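Numbering of ligands and ligand atoms starts at 1, following listing order. Because the structure is predicted, anything quoted here is derived from the model rather than measured.
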Amino acid sequence: MKITDVETIWIGLPEVRLIADSTQQSLLVCIHTDEGIVGIGEAHTAPYIIKAIIESDSTGIVSQGIRSLLLGENPLEVERLWHKMYHYTSRHGRRGAVIHAISAVDMALWDILGKAAGLPVSTLLGGRYREEVKAYASVLMPDTPEEAGELAGKIRSRGFCAAKFGWETLGTDLAADICRVEAIRKAVGRDFDVMIDIGYGMEVNRAIKLAWALEDYDIRFLEEPLSPDDLEGFARLSEATSVPIATGEKETTRFGFLDLMERGRVGIIQPDIARAGGFTECRKIALLADLKGVELIPHCWSNDILVASTLHFLAARPQETYLEFCLLDSYNPIRQDMVCEPLRAVDGEVKVPTGPGLGVELNQEVVRKLKRD
Ligand SMILES: [Mg+2]
C-alpha cells in the first residue's frame with residue numbers, strides 16, 4: 001500500500017470567539033492511499049500553522065514538509081514514519097506545533113492500519129480491557145457558588161460520577177474559588193470526583209495556598225495551576241500538598257513528559273493524543289508514566305475524532321481511568337456532529353467504537369459547511 005495524498009481540512013465556526021473553548025476550529029488530516037483506504041486524524045491546535053507545517057516546501061535535510069516526507073510511503077509502517085517525520089523536521093520541530101501535526105498524521109496512519117486489518121485501533125494497541133469508558137464531565141466554572149452548585153447537580157443527575165470545572169475566573173480570587181468548590185461539593189455529595197482546572201499560570205505560593213484550602217474538599221486533582229514550564233514550581237507544589245497535581249495538555253513527546261515527571265514531580269500527566277505525538281508517542285509516554293508510578297488521564301476537549309482516539313487508547317490501558325468529556329451547553333456542530341454517529345455519554349459512560357480503525361467516519365455535510373480556505 002502507498003500513500004498518494006496527505007489532505008488537510010481546516011474547519012471552523014463562522015465566527016471564532018476568544019473564549020475558553022478550543023472546539024471552535026480544527027485541522028483534520030485525511031491520508032489517501034492507492035488501495036482506496038482513507039485515514040482520518042486531527043491536530044487539536046492552531047489549524048493554519050499545522051496546514052503550513054504539513055504542506056510546506058522542504059528547505060533542508062532536517063527541515064522538510066511532512067506531506068513530501070509521506071508521499072509514496074507505506075502507511076502501515078507507523079513507527080518508522082513517526083521517526084521519519086520527527087527526524088526530518090527536527091530543525092524547526094521536535095516540540096510544539098510540529099508534534100501537533102505529526103499527531104494528526106499518526107492518528108490517520110493508525111486509522112488506516114485498523115481499516116486495512118479490519119480491526120479497531122484499540123485491538124491493535126494490544127486489546128480492549130473494557131467496552132465502555134467512564135467519563136468525567138468537563139465544563140467551565142460558573143461565576144457564582146449558586147450557579148456552580150446548580151451545574152454540578154445537573155451533571156450528577158445526568159448520570160456522571162465525576163466532573164471538572166475549569167478556567168474562566170478561577171485562580172484570581174482564592175476565597176471565591178473555595179466558595180464555589182464548597183457549593184459544588186455540597187451539591188454532589190461525597191461519592192463524586194471533583195476536579196479543578198485553573199488553566200494557566202498562578203504564582204506558586206498562591207497555588208500552594210489554594211491547594212491547602214482544597215484539601216478539605218477531597219479534590220480528585222488540581223489541573224494546570226502553574227505555567228507549563230514552571231517545573232520547579234510544580235515540584236514545590238506537589239511536595240507541599242496532598243491534592244494530586246495534574247498537567248500536560250500543552251506538553252509534547254516522551255521527552256517533555258519525562259521532564260514533567262522527573263523535574264516537575266506531578267502526580268498525574270494529561271497528554272492529548274492530538275497534540276502530544278499521536279498513538280505512537282502516547283504509548284511511550286504511557287510506558288514512562290507506568291514506570292514512574294504516575295497516573296495518566298488524557299486531555300480530550302475536541303471533536304469526535306479525538307474522542308474516538310482517546311477511547312481506543314483508554315480501552316487498551318490495563319488501568320481504568322476517566323475519559324474527559326466536554327459538556328458545554330451551547331450547540332457546536334464541530335463538537336457534536338463532526339462524525340456520522342456522534343459519541344454520546346450515557347449514564348456517565350461512552351462506548352468505545354467497534355468498527356475498524358478509529359471506528360468513526362466524517363460527516364461530510366458538516367465538513368463541507370464548515371470548511372475554510
Ligand atoms: Mg485543562
Side-chain angles (χ1 to χ4, degrees), residues 17-26 42-46 96 99-100 103 134-142 148 151-152 155 160 162-172 177 180-181 184 193-202 204 206-207 210-211 214 219-231 233-234 237-238 241 243-252 256-257 260-261 264 266-277 282 285 289 294-303 306-307 309-310 313-314 321-328 332 334-335 345:
R17 293 187 299 147
L18 279 182
I19 53 170
D21 179 12
S22 57
T23 62
Q24 303 173 84
Q25 293 199 72
S26 182
E42 187 206 359
H44 185 209
T45 182
I99 302 299
H100 302 165
S103 305
K134 232 190 298 168
Y136 74 78
S138 195
V139 294
L140 299 175
M141 177 63 103
L151 177 59
I155 291 169
F160 287 91
K164 184 172 83 186
F165 299 81
W167 293 60
E168 305 297 54
T169 57
L170 275 170
T172 54
D177 292 348
R180 287 181 287 181
V181 171
I184 291 167
D193 280 340
V194 175
M195 298 86 152
I196 299 298
D197 180 2
I198 301 297
Y200 194 84
M202 291 173 80
V204 64
R206 288 190 75 234
L210 173 63
L214 289 175
I219 297 302
R220 178 69 169 79
F221 60 72
L222 173 61
E223 176 173 328
E224 266 205 318
L226 307 176
S227 152
D229 288 322
D230 187 3
L231 299 188
F234 272 113
L237 175 60
S238 298
T241 177
V243 174
I245 304 301
T247 192
E249 68 181 69
K250 301 186 183 86
E251 198 49 77
T252 55
F257 279 94
L260 262 189
M261 290 186 276
V266 294
I268 298 167
I269 55 166
Q270 302 171 295
D272 183 317
I273 300 174
R275 291 181 190 156
C282 284
I285 293 166
V294 170
E295 208 177 338
L296 188 155
I297 307 177
H299 178 259
C300 179
W301 172 283
S302 184
N303 62 64
L306 177 61
V307 176
S309 300
T310 308
F313 186 77
L314 289 175
T321 193
Y322 286 117
L323 168 78
E324 178 173 15
F325 193 82
C326 178
L327 206 70
L328 294 185
N332 173 347
I334 296 179
R335 205 170 54 233

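Evaluation of the salt bridge (charged side-chain N to carboxylate O under 4.0 Å, His left out) rule for D230 yields no partner, not counting sequence neighbours. Evaluation of the salt bridge (charged side-chain N to carboxylate O under 4.0 Å, His left out) rule for E295 yields R220 as partners, not counting sequence neighbours. With sequence neighbours left out, S227 forms a side-chain hydrogen bond (donor to acceptor under 3.5 Å, both in side chains) with no residue at all.
Around the Mg ion (ligand 1), protein N, O or S atoms at less than 2.8 Å comprise D197 OD2, E223 OE2, E249 OE1.
Annotation: cation-pi geometry satisfied between K134 and Y322 (NZ/CZ under 6.0 angstrom from ring centroid, within 45° of ring axis).
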Take E224 and K250 through the salt bridge (charged side-chain N to carboxylate O under 4.0 Å, His left out) test and state the conclusion after the steps. CA-CA 10 Å; E224 266 205 318; K250 301 186 183 86; 2.7 Å; yes
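The backbone N or O of G277 lies less than 3.5 Å from a partner atom in the side chain of S103, making a donor-acceptor pair.
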